[in-house]
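Okay, so here's the structure we're looking at.
Naming: A, B, ... by sequence-line order, numbering from 1 per chain. The structure displayed is predicted, hence computed values, not measured ones.
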2 protein chains.
Amino acid sequence: MEDYIKTIKSLSEKTRIRILALLHQARDACVSEIVDALQESQYNVSRHLKVLQNAGLVVGSKKGRWIYYQLNENQAHFKKMLLNAVKEISSEILKEDMERLQNRLAKRVNSQCIRGKTDYYNESYQ
Amino acid sequence: MEDYIKTIKSLSEKTRIRILALLHQARDACVSEIVDALQESQYNVSRHLKVLQNAGLVVGSKKGRWIYYQLNENQAHFKKMLLNAVKEISSEILKEDMERLQNRLAKRVNSQCIRGKTDYYNESYQ
DNA sequence: TTCACATATGCGTTATTATGCATATATTTT
DNA sequence: AAAATATATGCATAATAACGCATATGTGAA
C-alpha cells in the first residue's frame, strides 16, 4: 500500500509532471537539458528527478559526466497505467517546455549532451 | 494543469484510496458506513470525501439525513484512467475495509442506511 | 594538477496538508 | 419543541513536502 501511495505522490507535483512529459516525448534527457527546458533551478530539477527515481518511474544512466534520465520501461502494471494517464495531460506550459527541450537537444553532438549553459532565453540573448 | 495536479493529489493519500476502493466495489455508501468500514473518525472521513468531491472523483447525493457517496460516473478520460489505475491497488487493509463495509451494508433496511453506531468491532461486542 | 562543469545533497525556511477537538447545521424521531 | 443522529467545518497544531542557498562529489578538459 505504502508503495502505491508513494508512486502517486511522486506524480502529484507540477515540476515532476513536466519532467515526465518531457521524458515521454524525448526518450532521454540529462539534468542540464531538463533545467534548460523547464527554466528551473538545477537543484530542484535534480531533487524532483530523485523523487521520480525513488518511485521507480524513471531511471538514470551515467555516461561520463552526464546522467541521462528516461522513463523506466519495465515496471509494474499499476505504474504503467499511471504513466499512461499522465500522458494524457495537455497544457500550454508542457508545449513550451518541449519546445525548449527540442532546441536544446538539437545542439547535441554525436547524440551527446553538450557542455555549458545554452539557454536561448537568458540575458545573453536579449 | 492545476486541475490535473489537484486530481492526482486527491489520490495521494491512504484514507482516500481506501474510500475509493470501497466505493468502487460497493456502488454507494454514506459517511457513517464508511466510518465504520475504515474505523476512522467521522470528521476525517468527511473531510477526505470532500477532497475527493472537489477533485470531481466522487459525488454525493443527499437523501434525508444521509448523504450517499459514489464514484462520479461521467468524468473526463484522464480521471477515468486514474481511477482505473487506482482500482489495481490490492492490499490487506483494503480487504478488511471491504469486509467491514459488507457487514455494515448488510444491515441496511430497504436499501437505506440505518441509524446509530453498529461497529461490530467496538467495545460493546467484546 | 588545476579548472570548469554536471549533478547531488545538507540545512534552514516556508508552504502545504492532515489531524484532533469542538461545534455548527440539517434532518428525523419522539 | 426537544432530543438524537448525520454530516460538515473553523481553529489550532502536527506532520510533510518544497524551496533557496551553499557546498560536496565526481568527471572531463586544459
* Just grab all the side-chain hydrogen bond (donor to acceptor under 3.5 Å, both in side chains) pairs involving residues 68-78 of chain A, residues at least two apart or on different chains. => none

* Structure fact -> Sorted by chain and residue number, the salt bridge (Lys or Arg N to Asp or Glu O under 4.0 Å) partners of A:K63 (sequence neighbours excluded) come out as none

* To do: Round to the nearest Å and state the distance from A:L38 atom CG to C:dT7 atom C1'.
  => 15 Å

* Asked: With B:K14, which residues qualify under side chain to side chain donor-acceptor pair (under 3.5 Å), at least two apart?
  -> A:E2

* Among all residues two or more places apart in sequence or in another chain, which pass the salt bridge (Lys or Arg N to Asp or Glu O under 4.0 Å) test with B:D97? -> B:R18, B:R100

* Between B:H48 and C:dT17, does any side-chain N or O lie under 4.0 Å from OP1 or OP2? -> no

* Taking side chain to side chain donor-acceptor pair (under 3.5 Å) as the test, write out the residues that go with B:R108, two or more places apart. => B:D28, B:E33

* Under the salt bridge (Lys or Arg N to Asp or Glu O under 4.0 Å) rule, collect the residues that match up with B:K95, sequence neighbours excluded. => B:E92

* Asked: Heavy-atom distance under 4.5 Å between the side chains of A:R115 and A:S32, does that happen here?
  -> no

* List the atom of B:L101, the atom of B:A26, and the distance in Å for their closest heavy-atom pair. => CD2-CB, 3.6 Å

* Interface with DNA chain C, restricted to residues 13-21 of chain B and to heavy atoms under 4.0 Å -> B:E13, B:R16

* Round to a whole Å and report the spacing from OH of A:Y69 to C1' of C:dT7. => 7 Å

* Can you name the residues that form a salt bridge (Lys or Arg N to Asp or Glu O under 4.0 Å) with B:K9, not counting sequence neighbours? -> none

* To do: Starting at atom CD1 of A:I67, determine the distance to atom C1' of C:dC5, rounded to an integer number of angstrom.
  => 13 Å

* **Rounded interatomic separation in angstrom, taking CG from A:L52 and C1' from C:dA8** => 15 Å

* Which nucleotides of nucleotides 20-30 of chain C have their base under 4.0 Å from a protein heavy atom (B), which only their sugar-phosphate (S), and which neither (-), written as one string 5' to 3'? -> BBB---SSSS-

* Check side chain to side chain donor-acceptor pair (under 3.5 Å) between A:D3 and all other residues, then give those that pass, not counting sequence neighbours. => none

* Heavy atom of residues 23-34 of chain B under 4.0 Å from DNA chain C: which residues? -> none

* Structure fact -> So the ring pair (Phe, Tyr, Trp, His ring centres under 6.0 Å) pairs with at least one residue in residues 78-115 of chain B (sequence neighbours excluded) are B:Y4-B:F78

* Asked: When the distance from CG of A:N54 to P of D:dA18 is rounded to whole Å, what number comes out?
  -> 12 Å

* **Whole-Å gap separating C1' (C:dT16) and NZ (A:K9)** => 12 Å

* Asked: In whole angstroms, how far is the P atom of D:dA4 from the CH2 atom of B:W66?
  -> 17 Å

* Looking at every strand, decide which applies to B:Y68 at a 4.0 Å heavy-atom threshold: base, sugar-phosphate, or nothing. => nothing

* To do: Write down the distance between CD (A:Q53) and C1' (C:dT7), rounded to a whole number of angstrom.
  => 12 Å

